[in-house]
Structures are given as C-alpha cells and as structure tokens.
Amino acid sequence: MKSDVSLDFQFTSSIEQVWNALTDSVMLEKWIWKNDFKPIVGHKFQFRTEPNEWWNGIVDGEVLEVDEPNKLTYTWISAGESTTITWTLKKGSDGTIHLHFDQIGFSEETKAREGAIEGAKYAWTNMCEQLKKVLEEM
C-alpha cells in the first residue's frame with residue numbers, strides 16, 4: 001500500500017537517542033503531546049492535547065510492531081480517521097540517523113478533501129522540527 005504521507009528526516013544524534021525520543025513517554029510529551037505510550041506490542045495508548053472547536057484533542061493508538069532501534073509501528077485513530085504510523089530508523093555511513101515516516105490508511109473522503117493530506121504532512125513536519133530541538137538538548 002502506498003503511503004498517504006511519507007517524510008524523511010536526518011539527525012546527528014545517536015540511533016539510541018532518536019529511538020528513545022520515539023518510544024519514551026516523557027520524551028514524546030516534549031515533541032508531540034501528553035501520552036501513556038509504551039513500546040510494547042498490543043499496548044493501547046492515547047496522545048492528548050488541548051481540544052478545539054473541530055477536534056477533541058485525543059488520539060487513540062495501539063502498538064503494532066517494535067523492532068528496537070529500527071522500526072516502530074502503531075495505529076493513529078482520531079477524528080473518525082484510523083491510520084497507521086511507521087517510523088523506520090537507519091544509521092548512515094557518516095553516522096547520520098535517517099528517520100523515515102509513513103502514514104497510511106486515510107479514508108477516500110479525507111484524501112478527496114482539499115488540503116487534508118498536505119495538512120498532515122505539515123503537522124508531522126512541524127512535530128519533527130520539535131523532535132530535532134528535543135534531540136539537540138540531549
């Protein structure tokens with residue numbers, strides 16, 4: 001299945017630091033939102049942020065795959081939309097960590113809505129800018 005959102009990021013932190021930022025609840029709160037995430041297959045969790053007039057501020061998820069420190073997959077269910085997030089980490093020959101992000105499963109209605117997929121790309125790009133700042137502070 002082709003990804004609806006596919007993004008790539010590079011970091012100079014160690015692969016263990018990037019993995020920790022993706023899987024540790026305290027670290028996740030620094031660049032995404034409050035959560036009760038645990039990198040355990042089958043664990044159900046929530047991300048929570050301030051609600052607004054269009055959204056209740058809650059994302060439900062379930063961890064589907066954990067291959068430390070290479071791959072993490074979980075569901076992302078919010079606002080009537082159920083998608084799957086996959087993070088793939090690879091260490092480059094120069095030591096740079098390449099982080100690939102995929103989000104699949106948007107409904108046809110969402111795909112057809114003007115700007116919906118671009119909005120998701122924009123949101124994830126902004127969150128990963130926050131991730132970069134968190135990693136730089138480590």
Side-chain angles (χ1 to χ4, degrees):
M1 179 182 284
K2 182 181 177 301
S3 294
D4 296 318
V5 178
S6 184
L7 301 167
D8 289 291
F9 306 95
Q10 284 77 40
F11 301 104
T12 56
S13 304
S14 71
I15 197 165
E16 292 81 13
Q17 287 172 316
V18 177
W19 179 262
N20 189 50
L22 293 174
T23 59
D24 179 78
S25 181
V26 173
M27 296 298 293
L28 282 164
E29 185 173 344
K30 293 179 179 182
W31 66 277
I32 298 186
W33 302 306
K34 293 178 182 173
N35 66 88
D36 57 351
F37 184 88
K38 291 180 184 162
I40 300 167
V41 173
H43 176 69
K44 290 182 166 70
F45 63 93
Q46 285 188 330
F47 283 109
R48 293 181 162 271
T49 191
E50 290 298 316
N52 60 44
E53 61 184 284
W54 304 283
W55 179 54
N56 68 1
I58 298 171
V59 174
D60 290 300
E62 181 177 348
V63 179
L64 302 175
E65 181 179 359
V66 178
D67 177 15
E68 183 178 350
N70 305 301
K71 187 175 183 184
L72 176 66
T73 304
Y74 49 84
T75 57
W76 183 272
I77 303 164
S78 183
E81 196 71 47
S82 179
T83 61
T84 301
I85 303 284
T86 299
W87 300 97
T88 307
L89 296 84
K90 290 187 180 158
K91 185 175 183 178
S93 58
D94 63 353
T96 300
I97 304 307
H98 300 274
L99 179 62
H100 181 75
F101 171 88
D102 284 312
Q103 187 171 18
I104 62 171
F106 283 98
S107 66
E108 290 306 316
E109 298 85 48
T110 296
K111 289 179 188 180
R113 205 166 57 235
E114 180 84 26
I117 300 299
E118 289 305 314
K121 288 179 185 176
Y122 177 81
W124 283 110
T125 299
N126 281 349
M127 282 192 269
C128 285
E129 283 299 316
Q130 291 303 312
L131 171 58
K132 181 178 181 181
K133 290 176 185 174
V134 166
L135 289 168
E136 288 171 352
E137 292 170 1
M138 292 178 78

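Note: Met138 CE to Gln17 CD = 4.5 Å, rounded to the nearest 0.5 Å. Expressed to the nearest 0.5 Å, how far OG of Ser6 lies from CD1 of Ile117 amounts to 12.0 Å. Put simply, CD on Glu81 and CD on Gln103 are 8.5 Å apart, with the number rounded to the nearest 0.5 Å. Taken to the nearest 0.5 Å, the CD1 atom of Ile32 stands 9.0 Å off from the CZ atom of Phe37. Remark: Trp19 CH2 to Asp67 CG distance equals 6.5 Å, nearest 0.5 Å. Separation of atoms CD (Glu62) and NZ (Lys44) is listed at 4.0 Å; rounding is to 0.5 Å.
A donor-acceptor pair under 3.5 Å is formed between the side chain of Asp36 and the backbone N or O of Gln46. Here the side chain of Trp31 pairs no donor or acceptor atom with the backbone of Val134 at under 3.5 angstrom. Not a single donor-acceptor pair under 3.5 Å links the side chain of Asn52 to the backbone N or O of Gly57. Judged purely by atom type and a 3.5 angstrom limit, Ser25 uses its side chain to pair as donor or acceptor with the backbone of Asn35. Formation of a donor-acceptor pair under 3.5 Å by the Asp24 side chain with backbone atoms of Met27 is found in this model. Judged purely by atom type and a 3.5 angstrom limit, Thr73 has no side-chain atom pairing as donor or acceptor with the backbone of Thr86.
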Applying side chain to side chain contact (heavy atoms under 4.5 Å, CB included), run through Thr110 and Thr83 and close with a yes or a no. CA-CA 11 Å; Thr110 296; Thr83 61; over 6 Å; no

Walk me through it: do Trp87 and Trp76 pass the test ring-ring contact (aromatic ring centres under 6.0 Å, His included)? CA-CA 13 Å; Trp87 300 97; Trp76 183 272; 9.2 Å; no

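Between Phe47 and Tyr74, the ring planes are tilted. Angles from 30° to 60° get that label. Using bins of under 30°, 30° to 60° and over 60° for the plane-to-plane angle, the ring pair Trp55/Trp33 lands in the tilted bin.
Leu7 and Tyr122 fall into different hydrophobic clusters, where Ile, Leu, Val, Met, Phe, Trp and Tyr side chains are chained together by heavy-atom contacts under 4.5 Å. Under a hydrophobic clustering in which Ile, Leu, Val, Met, Phe, Trp and Tyr are joined whenever their side-chain heavy atoms come within less than 4.5 Å, directly or via other members, Phe45 and Ile77 fall into different clusters. Transitive grouping of hydrophobic side chains (ILVMFWY, heavy atoms separated by less than 4.5 Å) brings Val41 and Leu28 into a common cluster. A single hydrophobic cluster is not seen to contain both Ile58 and Ile85; linkage of ILVMFWY side chains at heavy-atom distances under 4.5 Å, directly or through other members, places them apart.
Considering every non-hydrogen atom in both Val66 and Pro39, the closest pair reads CG2-O, 3.6 Å. When every heavy atom of Ala21 is checked against every heavy atom of Leu131, the shortest pair comes out as CB-CD1, 3.5 Å. When all heavy atoms of Asp8 and His100 are compared, the pair lying nearest together is OD1-ND1, 2.6 Å. The nearest pair of heavy atoms linking Ile97 to Ser13 is CG1-O, 3.0 Å.
The pair Glu136-Lys133 fails the salt-bridge criterion, with no side-chain N (NZ, NE, NH1 or NH2) lying under 4.0 Å from an Asp/Glu carboxylate O. Looking at Glu129 and Lys132, no side-chain N of the basic residue comes within less than 4.0 Å of a carboxylate O on the acidic one, giving no salt bridge.
Counting heavy atoms of neighbouring residues, nucleotides and ligands inside a 6.0 Å radius, atom CD of Glu114 does not exceed 12 of them.
No side-chain donor from either of Thr96 and Gln10 sits under 3.5 Å from a side-chain acceptor of the other.
You'll find the side chain of Ile40 stays beyond 4.5 Å of the side chain of Val63, heavy atoms only. At least one side-chain heavy atom of Leu64 sits less than 4.5 Å from a side-chain heavy atom of Thr75.
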